[in-house]
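So the structure is just underneath, and the comments pick up after that.
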Amino acid sequence: ILVFIALLVVAALVLFFVRPATVSYQPDDTPEGVVLNYALAIQQGDLERAYGYLADLEYKPGESTFRQVLLTNDLYNEEYALQVGEMQYLAEDEAWVVITIQYLPNGPFTSGWNSQDHATLVRQDGKWKLTYMPYPYWGYDWYQSGIYLEKP
């Protein structure tokens, strides 16, 4: 029994140390890459880079509003994970990317759950920019008229 337990411990350690490295930034030339890079920038605390992925449209939140919303959403506690799925073109300069947000368990007697949604993007000056992401990666009222007094 002790040998079996020792083998399980060794196997667990091997799996822990050979797991894939952390996710790295992808090229920004595809909608999927922009979605992944936006989420990664937020999780790494690079809010300036994340803000650069937002579309320059009317009622875009200002940088201070952007920061405040993301800090309030508490994306730094690693309870969320994002999986980027397939992309569909809605038009030549509009795309839709399926994403799954994984909410990790927060206790020994709880289980995590998934929520499938989408991100929408537009092409501006040859670059893909976000116009929508689901909570917790987005403010529910961004790009809606009459919400913000500050200019981007």
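Since the model is a prediction, treat every value here as computed from it, not as a measurement.
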Take atom CD in Glu48; do more than 12 heavy atoms of anything else shown fall under 6.0 Å from it?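 At most 12 heavy atoms, drawn from other residues, nucleotides or ligands, come within 6.0 Å of this atom.
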Minimum-distance pair of heavy atoms, taken over all atoms of [X] and [Y]:
X      : Y      : result
Pro31  : Ala95  : CG-CB, 3.7 Å
Tyr143 : Glu58  : CD2-O, 3.6 Å
Ala119 : Leu130 : CB-CD2, 4.2 Å

Keeping the roles fixed (side chain from [X], backbone from [Y]), state whether a donor-acceptor pair exists under 3.5 Å.
X      : Y      : result
Ser115 : Ile101 : no
Tyr51  : Pro61  : yes
Gln26  : Ser24  : yes
Gln124 : Asp56  : yes
Lys127 : Tyr53  : no

Could you go step by step and tell me if Thr131 and Glu94 meet the side-chain contact (heavy atoms from CB on, under 4.5 Å) rule? CA-CA 10 Å; Thr131 59; Glu94 296 179 13; over 6 Å; no
Applying a strict under-4.5 Å side-chain criterion to I, L, V, M, F, W and Y, I'd like to know whether [X] and [Y] cluster together.
X      : Y      : value
Tyr140 : Tyr59  : no
Val98  : Tyr103 : no
Met87  : Val122 : no

How long is the span from the [atom1] atom in [X] to the [atom2] atom in [Y], to the nearest 0.5 Å?
X      : Y      : atom1 : atom2 : value
Leu70  : Tyr137 : CG    : OH    : 10.5 Å
Leu121 : Tyr38  : CG    : OH    : 11.0 Å
Leu54  : Trp138 : CG    : CH2   : 4.5 Å

Remaining members of Leu8's ILVMFWY cluster at a side-chain heavy-atom cut-off under 4.5 Å? Phe4
Residues clustered with Val3, ILVMFWY side-chain links under 4.5 angstrom: Leu7
Is the closest side-chain heavy-atom distance between [X] and [Y] below 4.5 Å?
X      : Y      : answer
Met133 : Ile99  : yes
Glu32  : Trp128 : no
Trp142 : Lys60  : no
Lys129 : Val34  : no

